[in-house]
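Some notes on the structure that comes next.
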Amino acid sequence: MDDKECKGEEDISDFMNAYRSNFEKGESSFISEAIKEQEMLPNKHAFRGNVYLLVGGYTCSASSYFTALFKGEKRGVIIGEQVGGSHHSITAGTNITYQMPHTGFKVKVPLMVVNFSNELYEKVPELKVNPNIELGGEKYYQYFLNKQDPELETVFKLIAEGD
């Protein structure tokens with residue numbers, strides 16, 4: 001992620017004008033279509049076994065988006081807690097860091113909000129992705145008492161059962 005330090009309004013204005021040149025002016029925002037959709041076929045040597053994705057409350061930003069893609073395309077089993085971030089909209093790209101003139105505090109402000117395809121939102125409509133196998137509360141406590149990792153132990157159990 002890029003980071004631009006701005007000292008005053010003129011720096012911010014210059015930077016924003018240069019930044020906007022990479023986007024098309026929309027009705028109320030600037031828009032860029034980063035990737036044209038295209039079908040991708042797996043490599044003939046691609047792994048074909050069961051895939052497990054471990055997620056939790058700290059799964060945010062791009063990993064929330066990845067988790068939604070994983071769930072929407074039914075690529076495997078998601079294990080853990082509901083993700084912490086939403087795949088419906090994430091902030092990303094470049095930040096402006098502005099130092100407040102009187103206090104000296106620095107504030108970082110993201111310049112982009114990334115929205116993804118409506119097709120993904122239809123496949124995974126919940127605001128935050130829920131796992132296929134949800135762990136929490138008492139289950140986590142029991143694993144904690146036994147000094148075990150609940151997500152990994154669940155994967156080991158699924159493999160042993162031949163999932």
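Residues satisfying the side-chain contact (heavy atoms from CB on, under 4.5 Å) criterion with Leu41, sequence neighbours excluded, are Glu39. For Glu122, the side chain to side chain donor-acceptor pair (under 3.5 Å) criterion is met by no residue, not counting sequence neighbours. Residues passing the ring pair (Phe, Tyr, Trp, His ring centres under 6.0 Å) test with Tyr65 are Phe116, sequence neighbours excluded. Here Phe47 pairs with Val51 under the side-chain contact (heavy atoms from CB on, under 4.5 Å) rule; sequence neighbours left out. For Tyr140, there are no ring pair (Phe, Tyr, Trp, His ring centres under 6.0 Å) partners two or more places apart in sequence or in a different chain. Applying the side chain to side chain donor-acceptor pair (under 3.5 Å) criterion to Ser86, with sequence neighbours excluded, gives no partner residue. Scanning for side chain to side chain donor-acceptor pair (under 3.5 Å) contacts around Lys106 gives Glu5, with sequence neighbours left out. For Val109, the side-chain contact (heavy atoms from CB on, under 4.5 Å) partners two or more places apart in sequence, or in a different chain, are Val107.
Side-chain contact between Val55 and Val129 is absent, with no heavy-atom pair separated by less than 4.5 Å. Side-chain contact between Phe144 and Gln142 is absent, with no heavy atoms from C-beta onward closer than 4.5 Å.
Pairs passing the salt bridge (Lys or Arg N to Asp or Glu O under 4.0 Å) check and including a residue from residues 45-57, sequence neighbours excluded, do not occur. Residue pairs meeting the salt bridge (Lys or Arg N to Asp or Glu O under 4.0 Å) criterion with at least one member in residues 138-153, sequence neighbours excluded, do not occur.
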Tell me which donor-acceptor pairs under 3.5 Å the side chains of residues 71-80 have, and how far apart each pair is, sequence neighbours excluded?
unit_1, atom_1, unit_2, atom_2, d
Lys71, NZ, Glu126, OE2, 2.8
Lys71, NZ, Asn130, O, 2.9
Glu73, OE2, Lys123, NZ, 2.5

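Applying side chain to side chain contact (heavy atoms under 4.5 Å, CB included) to Lys128 and the options Gln82, Glu81, His88 leaves one that passes, Gln82.
The CZ atom of Phe66 sits 7.5 Å away from atom CG of Leu69, with the distance rounded to the nearest 0.5 Å. To the nearest 0.5 Å, atoms NZ (Lys157) and CG (Leu152) are separated by 14.5 Å. One finds the CG atom of Asn132 at 11.5 Å from the OH atom of Tyr52 (value rounded to the nearest 0.5 Å).
Cys60 and Gly84 make their closest contact through SG-C, 3.9 Å (heavy atoms, listed as atom of the first residue, atom of the second, distance).
Under the 4.5 Å side-chain contact rule for hydrophobic residues, Leu135 and Tyr58 do not share a cluster. Both Leu158 and Phe156 belong to a single network of hydrophobic side chains, linked directly or stepwise wherever heavy atoms of I, L, V, M, F, W or Y lie under 4.5 Å apart. Grouping the Ile, Leu, Val, Met, Phe, Trp and Tyr side chains by contacts below 4.5 angstrom, directly or via other members, places Ile90 apart from Leu127.
Under the 30°/60° scheme for interplanar angles, the aromatic rings of His87 and Tyr121 are found to be tilted.
Judged by distance alone, the side chain of Asn43 and the main-chain N or O of His45 form a donor-acceptor pair under 3.5 Å. Thr59 places no side-chain N or O within donor-acceptor distance of the main-chain N or O of Val83, the cut-off being under 3.5 Å.
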